[in-house]
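Sequence lines set the chain letters: A, B, ... in the order given, protein chains first and strands last, and positions in each chain run from 1. FYI, side chains are in, hydrogens and waters are out, and symmetry mates aren't considered; it's all heavy atoms of this structure.
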Amino acid sequence: MPAKVEEKRFNIQIEDFEGPMELLYYLVRKEEYDIYDLPVAELVDQYMKYIKMMEELELELVGDYLVMAATLLELKARYLLPREPHPDTTEQPTAQQELASMIIEYKKYHALAHKLETRMIQEELNYQRGEFPELEIKEKMVEPNLWELIKSIRKYFSSTPEFPVKIRAEIDLSERLTEILFYLRERKKAKFRELISQRSELQFLVVTFIALLELSRMKKVRLLQRRNFSPIWVFLIE
Amino acid sequence: MGKKIKPEIEALLFSAPEPVQAQRIARYLKTTESEVKQIINELNEDYANEGRSFYIREIAGGYQLYLKGEYGILVREFHRLEKRRLSKGALDILAIIAVKQPVTKRVIELIRRASSDRILHNLLELGLIKIVGKSQGTNAYLYATTEKFLQTFGLKDLSELPSKEELERMAEYSGELFPKKKDENYEQ
Amino acid sequence: MGKKIKPEIEALLFSAPEPVQAQRIARYLKTTESEVKQIINELNEDYANEGRSFYIREIAGGYQLYLKGEYGILVREFHRLEKRRLSKGALDILAIIAVKQPVTKRVIELIRRASSDRILHNLLELGLIKIVGKSQGTNAYLYATTEKFLQTFGLKDLSELPSKEELERMAEYSGELFPKKKDENYEQ
């Protein structure tokens, strides 16, 4: 059955990157970027290319990658957009610094995770005694921790079904892209806030963000923000 | 050969989750059953000479490492004193008392559908629950959790136990890619 | 006394399915912790001299009988024992918890930029992490590693892991974390 084969292929893809930070770090390595002088726009574009591919594969995990995309797009906007010199001198980290410290922070723990993995593999050859017949333990004993207590409480006092609820991406990127273009053709320009005002879900916001990035890459729109935290404007390029 | 095969047989028995047949060991180590049995005898002689507290016992058609009987009481008493662990049944009863306290044994047993005398007794002994009075109508003891209960589970007070809403949210753990509404509680 | 206490300590360790603290043994056998440790050393010397396939290992804050590593493959193949590996995401989360504990889900997710509910749930189920309370301000659960975590990774205690400061320092040497050259070893 071809569908099954497809599924397998997706799983391999998911395992390649356990999360958006690993993907981002992989891209930094692959492109040999200098962590202290990151080409923010380029890196974000690279990232977007990957998640677009993932979205096409309809990977379930794409949600986290989309949330990260929103963060990255915000950083990219701050990095690229012309900004009026700010009168107050309190130094805020630049988009470049923020992105770098995000990656460094993650990398610290990822390096440790790698060490742990090595130890775990070594540990696999260390065995303890196999059975303890002399203890005559009939009942399973557990460490009295809050998690075990919560599980017991849930057993008696919660009617919620145990199976996980799956929520899938239902907003189509290319559809959203066309919608934005139509909207801008009438008005020539719009505030970003306008474009996301119709619906309040995070997913809608993220897909809109990505659609705008795509349009800007295709040179169909231009993004402009006057200063940090001021409204982002979207102009149609004709 | 003989020098290597002895610790190997010991290793197989040491790590076995159940009695192992001599024949299986022989096949795996490419030797005969009688040699395996002979080495097991040698190991037992070693253990006796060296004053080890265990031996290899022939049981259920196979061989297994066993503690010598004379250490049985010492060891069982040691592990009985081990209060760091609770049975699932004990946790269940603690959960019911924590949520419904003060509560009678009857109510506990109605919820659990199992008799609870022994466990209630143990929990009282461990100081995790206490008797706080008697129920008006039936004159039955009312049980409640103690300070030690809070300490054991790392709680400041009972209000830190999950609310009904929290319990329900927890059941959806794998669906939280997108929160249903943007509420501040997301990601706590 | 010395003659009796040695097999007794051995018996306690032999029958314990988890690491036992020297202090607990000392209290139970009414002796000192240092004597217990010394006898454990003697037992290990005995085992080495007699060519035993196991030894007493210091692990997860206690002592436990372990098979020597050299018999690992032999034993694994005989019993067809398989150990489950953890995903990279689970390892990332364990690394964060190990260093920053006690820590909330929010902090973990800020570093990973990925929802972590499902993995946290699995790690709780595996007994590698535990909930140790709630954070004061936000009322969010605080996570910490368990003894089983130490055991799974063959650690005596948490001090064997690099501290927060050591990790900081590691990160400062950008060369170490971000070698200029692409190297094939990255993540296999």
Contacting moiety of [X], where chain C heavy atoms sit under 4.5 Å:
X: B:Ile25; value: both
X: B:Glu70; value: neither
X: B:Leu155; value: neither

Original post:
Are the charged groups of C:Glu10 and B:Lys68 less than 4.0 angstrom apart, N to O?
Top reply: no
Does any backbone or side-chain atom of [X] lie under 4.5 Å from a heavy atom of chain B? Answer side chain, backbone, both or neither.
X: C:Val75; result: both
X: C:Phe78; result: both
X: C:Leu65; result: both
X: C:Tyr47; result: side chain

Original post:
Would you call the rings of C:Phe54 and B:Phe14 parallel, tilted or perpendicular, where under 30° means parallel and over 60° means perpendicular?
Top reply: parallel
Quick one: do the [X] and [Y] side chains pair a donor with an acceptor below 3.5 Å?
X: B:Ser115; Y: B:Asp117; value: no
X: C:Gln64; Y: C:Gln151; value: yes
X: C:Gln101; Y: C:Thr145; value: yes
X: C:Gln38; Y: C:Glu42; value: yes

